[in-house]
Chemist: 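Below you'll find the structure I mean.
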Number of protein chains: 2
Amino acid sequence: MTQSRSRTLAELIRESFDELTRAERQLANLILENYPVSGMGSITAIAKASGVSSPTVARMARKLGFPGFPAMQAALKDELKATISDPIVKHDQLAEGAPDTHILNQFADAVLENMRQSLKRIDPALFDNVVALLSDSGRAVHVTGGRITHTIARYFFTHMQVIRSGLNLIDSGSNTWPHYVLNMNAGDILVVFDIRRYEHNLIRLAEMASGRGVTIVLFTDQWGSPVAKHAQHTFNLRIEVPSAWDSSVTTLFMVEALLAAIQTNTWDETRGRMKTLEQLFDKTKLFRKFS
Amino acid sequence: MTQSRSRTLAELIRESFDELTRAERQLANLILENYPVSGMGSITAIAKASGVSSPTVARMARKLGFPGFPAMQAALKDELKATISDPIVKHDQLAEGAPDTHILNQFADAVLENMRQSLKRIDPALFDNVVALLSDSGRAVHVTGGRITHTIARYFFTHMQVIRSGLNLIDSGSNTWPHYVLNMNAGDILVVFDIRRYEHNLIRLAEMASGRGVTIVLFTDQWGSPVAKHAQHTFNLRIEVPSAWDSSVTTLFMVEALLAAIQTNTWDETRGRMKTLEQLFDKTKLFRKFS
DNA sequence: CTTATTGTGTATAATATTTTTCATTGGCGC
DNA sequence: GCGCCAATGAAAAATATTATACACAATAAG
């Protein structure tokens with residue numbers, strides 16, 4: 001991974017193809033043939049594959065202007081990196097008028113990258129499985145989180161309550177949480193949010209729940225909470241930002257996406273519940289008519 | 001270049017992520033981060049890049065079922081070969097393996113667009129002003145939100161409590177909120193979260209607070225809550241997603257960015273508070289030492 | 001709190017890779 | 001045909017990479 005060259009190796013080879021000797025052309029053809037993968041092996045492998053000797057490979061690398069074969073391969077890897085990496089986050093300044101160094105832009109960069117990386121490593125099957133699980137109205141759903149993540153847990157709880165019945169929010173902070181375990185039955189689901197600074201209480205809770213045959217869905221960070229040992233479904237999300245704290249944005253995103261999917265899935269039941277809720281809101285005059 | 005495996009290395013890593021140790025996870029993250037290019041270097045290079053030792057890399061290769069590191073890398077190269085030569089594979093998909101129409105990708109698109117649009121509209125000066133305002137320890141800060149946004153308000157409150165003193169969380173849902181107004185003095189700040197389905201209570205609360213000379217900071221949607229009439233600083237954020245509900249992701253992002261900025265701004269005071277908090281946590285043994 | 005277990009990095013040995021050296025081959029002009 | 005010179009590969013030397021051994025640290029268990 002050295003300096004980035006203006007020309008690709010392929011261009012370089014084509015340009016100097018005239019100056020290449022017989023054996024070198026043979027080699028050049030191999031490299032271009034399945035570009036750039038063919039150039040990924042060791043010098044010995046490449047030499048053997050193209051039917052030339054390893055010194056020939058090294059000599060060509062020199063001829064093309066590299067200090068040696070490893071440098072040429074490094075250039076090839078850099079190229080590949082540039083090709084593979086998708087341009088989703090390649091945004092120009094987000095908050096207009098603010099310099100790149102403004103914390104708003106720095107933060108935005110970090111959060112977008114977190115989302116991109118998190119999405120990349122989510123298995124869609126995992127997502128679909130969890131959606132199906134949480135859509136099953138036969139299973140009670142218990143939700144809990146740590147000191148910070150409890151707000152996310154509550155967010156999930158509040159929305160899920162609209163979607164379906166059988167929801168319980170467990171306050172892991174208090175000493176009363178063992179009581180909640182009593183209400184858990186085999187087949188129930190425990191949704192745990194546990195992000196860095198993994199809390200003892202949550203691990204114990206997961207252990208106990210697991211012992212009672214409860215299926216555990218875990219939202220944790222890229223390093224993984226110890227709760228994962230007991231969880232059947234684990235979401236590993238990126239949470240790092242330039243701040244003294246971790247970011248919950250990706251976690252919230254995942255929760256919202258799940259909610260949207262579950263809601264779609266259980267629309268028949270949900271529709272009725274939402275309608276009823278609306279009527280209740282009307283009666284309590286909680287909201288403005290419109291605005 | 002060995003046999004082609006049924007599962008990709010990425011899948012293999014994700015599958016056995018639970019069984020991986022701390023250092024191995026660190027390494028796994030690096031490999032997945034810029035997959036598969038990050039795994040192309042030498043074992044030494046990979047070890048250095050992920051901050052672990054080379055034996056750890058070799059050990060993980062074994063753990064994943066390969067005879068050694070070179071075999072794992074060979075598998076990776078094979079994968080790359082297969083991927084590159086298949087022009088159908090799209091690299092810009094967010095959740096790999098999920099079609100464009102999968103709700104996860106649709107949701108991600110919407111959320112990312114929301115963030116871009118919201119950031120474009122934010123005046124950095126507004127941001128900076130609010131940071132300065134909330135950094136002023138002479139002013140008490142009152143925080144409140146609606147039915148859904150209350151969790152975001154609580155999130156803000158929890159973190160701000162670490163940063164500074166003089167924080168109050170107002171439960172707008174109960175009937176007791178007028179009591180809170182009694183505690184507000186001229187120069188205080190009221191942070192209001194009010195997203196679509198603007199609630200009566202919040203408007204009244206803002207009116208009253210405004211009457212007492214309280215400065216109001218409002219987080220609302222692109223259409224604007226009526227609270228804006230009384231607010232000195234208003235953040236208009238995009239919140240629409242393909243779901244029955246609005247998204248709070250952008251709002252949470254804004255809150256976190258603010259917290260990071262304020263925390264940086266008041267570091268002298270905050271540092272002491274965080275240290276004290278750590279010691280309290282130690283005493284209560286709330287967290288695991290590390291993991 | 002102490003002891004076992006597991007995880008981790010440093011140092012080192014084993015192995016593979018890359019480069020250099022140098023003898024051989026083959027083309028080309030005379 | 002003969003001699004010159006670039007091209008090439010075999011083999012060895014230099015270098016880098018990978019695997020192992022072992023000691024220390026962290027964690028879990030008693």
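The structure presented is a predicted model; accordingly, all values stated were derived computationally and were not measured. Values below: every heavy atom of this structure, side chains too, minus hydrogens, waters and symmetry copies. Chain letters run A, B, ... following the sequence lines, proteins first and then strands; every chain starts at 1.
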Chemist: Name the residue from A/Thr158, A/Thr151, A/Ile152 that meets the side chain to side chain contact (heavy atoms under 4.5 Å, CB included) definition with A/Arg154.
Modeler: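 Checked A/Thr158, A/Thr151, A/Ile152 against A/Arg154; only one passes side chain to side chain contact (heavy atoms under 4.5 Å, CB included): A/Thr158.
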Chemist: Note down the inter-axis angle between the two ends of the helix from C/dC1-D/dG30 to C/dC30-D/dG1, five pairs each, to the nearest 10°.
Modeler: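 Taking five pairs per end, the axes differ by 30°.
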Chemist: Under the ring-ring contact (aromatic ring centres under 6.0 Å, His included) definition, can you give me all pairs with a residue in residues 112-133 of chain A, not counting sequence neighbours?
Modeler: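 Of all non-adjacent pairs touching residues 112-133 of chain A, those that pass ring-ring contact (aromatic ring centres under 6.0 Å, His included) are A/Phe127-B/His102.
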Chemist: Could you tell me whether the side chain of A/Leu64 reaches within less than 4.5 Å of the side chain of A/Leu9, counting heavy atoms only?
Modeler: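 When only atoms from C-beta onward are counted, A/Leu64 and A/Leu9 do touch, with a gap below 4.5 Å.
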Chemist: For residues 49-59 of chain A, run the donor-acceptor check on the side chains, cut-off 3.5 Å, and write out each pair with its distance to 0.1 Å, sequence neighbours left out.
Modeler:
unit_1: A/Ser50; atom_1: OG; unit_2: A/Ile46; atom_2: O; d: 3.0
unit_1: A/Ser50; atom_1: OG; unit_2: A/Ala47; atom_2: O; d: 3.4
unit_1: A/Ser53; atom_1: OG; unit_2: A/Thr56; atom_2: OG1; d: 3.1

Chemist: Drop me the distance from B/Met72's CE to B/Ile43's CD1, to the nearest 0.5 angstrom.
Modeler: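 Rounded to the nearest 0.5 Å, the CE-CD1 separation comes to 8.0 Å.
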Chemist: Within the distance-only criterion (no hydrogens, no angle test), does the side chain of B/Glu256 pair as donor or acceptor with the backbone N or O of A/Ser248 below 3.5 angstrom?
Modeler: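 Checking the backbone N and O of A/Ser248 against the side chain of B/Glu256, a donor-acceptor pair under 3.5 Å is found.
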Chemist: Expressed as a whole number of angstroms, how long is the span from A/Glu207:CD to D/dA28:P?
Modeler: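 That distance rounds to 11 Å.
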Chemist: With respect to the phosphate group of D/dT20, does any side-chain polar atom (N or O) of B/Arg62 fall under 4.0 Å of OP1 or OP2?
Modeler: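 Affirmative; the distance criterion is met.
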Chemist: What string of B, S and - do you get for nucleotides 4-10 of chain D, 5' to 3', if B is base contact, S is sugar-phosphate-only contact and - is no contact with any protein heavy atom under 4.0 Å?
Modeler: ---SBBB
Chemist: With heavy atoms of chain B within less than 4.0 Å as the criterion, where does contact along DNA chain C begin and end?
Modeler: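 Result: C/dG7 to C/dT10.
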Chemist: Start with the C-alpha gap between B/Arg14 and B/Glu11, add the side-chain angles, then the distance that decides, and say whether salt bridge (charged side-chain N to carboxylate O under 4.0 Å, His left out) holds.
Modeler: CA-CA 5 Å; B/Arg14 276 194 281 258; B/Glu11 286 170 328; 5.6 Å; no
Chemist: To the nearest 0.5 Å, how far apart are CZ in A/Phe193 and OH in A/Tyr155?
Modeler: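 Between A/Phe193 CZ and A/Tyr155 OH, I get 11.5 Å after rounding to 0.5 Å.
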Chemist: Salt bridge (charged side-chain N to carboxylate O under 4.0 Å, His left out) for A/Glu19 and A/Lys63? Distances and angles first, verdict last.
Modeler: CA-CA 9 Å; A/Glu19 278 93 58; A/Lys63 215 168 189 173; over 6 Å; no
Chemist: What is the distance from CD1 of A/Ile43 to P of D/dA14, rounded to the nearest Å?
Modeler: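 Answer to the nearest Å: 18 Å.
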Chemist: Take atom CZ of A/Phe69 and atom C1' of D/dT15, then tell me their distance rounded to the nearest Å.
Modeler: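 Atom CZ in A/Phe69 sits about 15 Å away from atom C1' in D/dT15.
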Chemist: With sequence neighbours left out, write down each residue that passes side chain to side chain contact (heavy atoms under 4.5 Å, CB included) with A/Glu240, or none if nothing qualifies.
Modeler: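 Listed in chain order: A/Arg196, A/Gln222, A/Trp223.
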